[in-house]
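Note: hydrogens, waters and symmetry copies are ignored here, and every other heavy atom, side chains too, is used. Proteins come first, then strands; the chains are lettered A, B, ... in the order of their sequence lines, and each starts at number 1. As the structure is a computational prediction, the values presented were derived from the model and not from experiment.
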Protein chains: 2
Amino acid sequence: MSFFNEKPVTNADKTFLLLRKDIVEGQIPSGSKLSEAELSTKYAVSRAVVREAISRLESCNIVERKANVGARVVSLSPEGLIELYQVRESLEGMAARLAAKHMSDDEIADLNTLLSKHFEEVKDGDSYYQEAGDVDFHYRIILGSKNNHLISLLTDGIYHLVRMYRVQLGMTGPRVTTAFDEHKHIVQAISNRDGELAEMLMRRHILYSKSNIELKLTSRSQG
Amino acid sequence: MSFFNEKPVTNADKTFLLLRKDIVEGQIPSGSKLSEAELSTKYAVSRAVVREAISRLESCNIVERKANVGARVVSLSPEGLIELYQVRESLEGMAARLAAKHMSDDEIADLNTLLSKHFEEVKDGDSYYQEAGDVDFHYRIILGSKNNHLISLLTDGIYHLVRMYRVQLGMTGPRVTTAFDEHKHIVQAISNRDGELAEMLMRRHILYSKSNIELKLTSRSQG
DNA sequence: ATATCGAAAATTGTCGACAATATAATCCTT
DNA sequence: AAGGATTATATTGTCGACAATTTTCGATAT
């Protein structure tokens, strides 16, 4: 199932979460080597649990591993971010299509409520929206797809990579109001049970987001 | 990178491949429990490497694991197959779109050559096509996307699950000639560098495939 | 006979030690 | 002194043993 409500029970779980947090938030820099012995002392667990934690990070594509050599945190690159967004566009587009078909009326009502709440925040000039609000919005639609493969791929894998890019490249720009309108249209399509339109709008929404980020990246590297 | 050319170097690699093969080909039945001790004696390795192999199978969504309880082979269900094909439609559609943009002229020429070879086989009544030929075709387009995330998701994860379903549900039906025409149109779109059309055709191709399988499943369960 | 509680067995989680491999340092040759 | 081979060091891979948890089985009470 892989809903992130499940609390960590084993030491490997906790170490995995700690490590991921440290990597995603940049305390362990991207591209750096992950020494099993070092992490073992740092987190006060045996090498075996560190190995398992690293192994899971590998399946999230957050670290890369070579046999007999070791694991490194993936290095962030503009190309990598673009590739990531292409996958995201594809999968979240499908999620929106399926959500239009499978979400219950109650879930759609909740989604509209969430949107209204965001509207108030945008109106008041709160930029809180971009951070957690955007995530929450996308997350609900992903769950609404009711497709466990899709849910797992997005929430366990891609989501954290995207966040890693956002945090480490300092993506916290504007694009609040236009994104809100896009969200509104997506919800409308879902409310109308128009899966095809919902997919199209979601894909464009993510494409815009990608373009926006690319713009910042290039302008930064040039000036 | 995760190209499957890389030969296994470590014992965990080999055990992972053996285990996956046994599961995908049905020698270890779906839904059954994976006892670490049992597998440890069966493959003549320590429990640690069995654990690592299972851990990797978990990240492929081939086994499910519960803390302090153990791992089970995923159980196949019609719903699971449908979910899988929805993800596949989404990702391979994007792969076709990107392939139209990123494949070199040489690669496209090779793809046409492959298609001609398939045409000869179909003409001669060989049904070899459906098995390896289809995989080869899709595989080249996936690689042609040049998107490492996409490649990894499809070839490491989804591909083997699809094969597991195919083998265990005995999917080796006809649908040879119509599939060939679909392949032909996809290659034409890629040759014309029309990514949008390539994506659309690939998605329809996979949708047809899904419907075909659903048809067989329902007719089988009814008699 | 059924249900509940508790002990025993089996299974997974964790650990430290050893083996195999890769990396670094040293020595030898030219 | 530079390059290559060789030894030394460090890191990862593998193993068996112990701890913690779950499951099984049996005893007891209702």
Side-chain angles (χ1 to χ4, degrees), chain A residues 1-2 4-20 22-23 28-75 156, chain B residues 1-2 4-20 22-23 28-75 156:
Chain A
M1 280 304 178
S2 91
F4 73 119
N5 307 339
E6 298 167 14
K7 277 156 195 167
V9 290
T10 186
N11 259 342
D13 288 334
K14 298 172 195 166
T15 307
F16 163 67
L17 293 176
L18 285 174
L19 234 182
R20 188 177 66 181
D22 286 348
I23 292 176
I28 297 177
S30 72
S32 64
K33 184 164 193 307
L34 292 179
S35 161
E36 294 181 358
E38 196 178 324
L39 296 175
S40 164
T41 62
K42 176 174 180 180
Y43 296 110
V45 288
S46 82
R47 262 187 61 218
V49 335
V50 169
R51 276 177 71 82
E52 176 154 351
I54 290 178
S55 178
R56 292 195 210 172
L57 285 173
E58 189 190 8
S59 73
C60 302
N61 294 103
I62 288 180
V63 313
E64 286 173 341
R65 215 172 168 188
K66 263 193 279 188
N68 289 314
V69 172
R72 308 191 78 87
V73 180
V74 295
S75 42
D156 293 340
Chain B
M1 279 303 180
S2 92
F4 73 119
N5 306 339
E6 299 168 13
K7 279 155 195 166
V9 291
T10 185
N11 259 342
D13 288 334
K14 298 171 194 167
T15 307
F16 163 66
L17 292 176
L18 285 174
L19 233 183
R20 188 177 66 181
D22 285 349
I23 292 175
I28 297 177
S30 72
S32 64
K33 182 161 193 311
L34 293 179
S35 160
E36 294 181 359
E38 197 178 323
L39 297 174
S40 164
T41 62
K42 175 174 180 180
Y43 296 111
V45 289
S46 83
R47 260 187 63 216
V49 337
V50 170
R51 275 177 72 82
E52 176 154 350
I54 290 179
S55 178
R56 292 195 209 172
L57 285 173
E58 189 191 8
S59 73
C60 301
N61 292 103
I62 288 179
V63 312
E64 286 173 341
R65 217 174 168 185
K66 265 193 278 187
N68 288 313
V69 172
R72 308 190 79 88
V73 180
V74 295
S75 42
D156 293 340

Q: Search all heavy atoms of B:S40 against all heavy atoms of B:S46 and return the closest pair with its distance.
A: OG-C, 3.9 Å

Q: Nearest 0.5 angstrom please: A:L17 CG to A:D22 CG, how far?
A: 11.0 Å

Q: Go through the structure and list residues passing salt bridge (charged side-chain N to carboxylate O under 4.0 Å, His left out) with A:E52, not counting sequence neighbours.
A: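 A:E52 satisfies salt bridge (charged side-chain N to carboxylate O under 4.0 Å, His left out) with A:R56, B:R51, B:R65 only.
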
Q: For nucleotides 12-18 of chain D, give me one character per nucleotide, 5' to 3': B if any protein heavy atom sits under 4.0 Å from the base, S if the only such contacts are to the sugar-phosphate, - if neither.
A: BBBB-B-

Q: Between A:V9 and B:A67, which heavy-atom pair has the shortest distance, and what is it?
A: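 Result for this residue pair: CG2-CB, 3.3 Å.
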
Q: Is the closest side-chain heavy-atom distance between B:N61 and B:V74 below 4.5 Å?
A: no

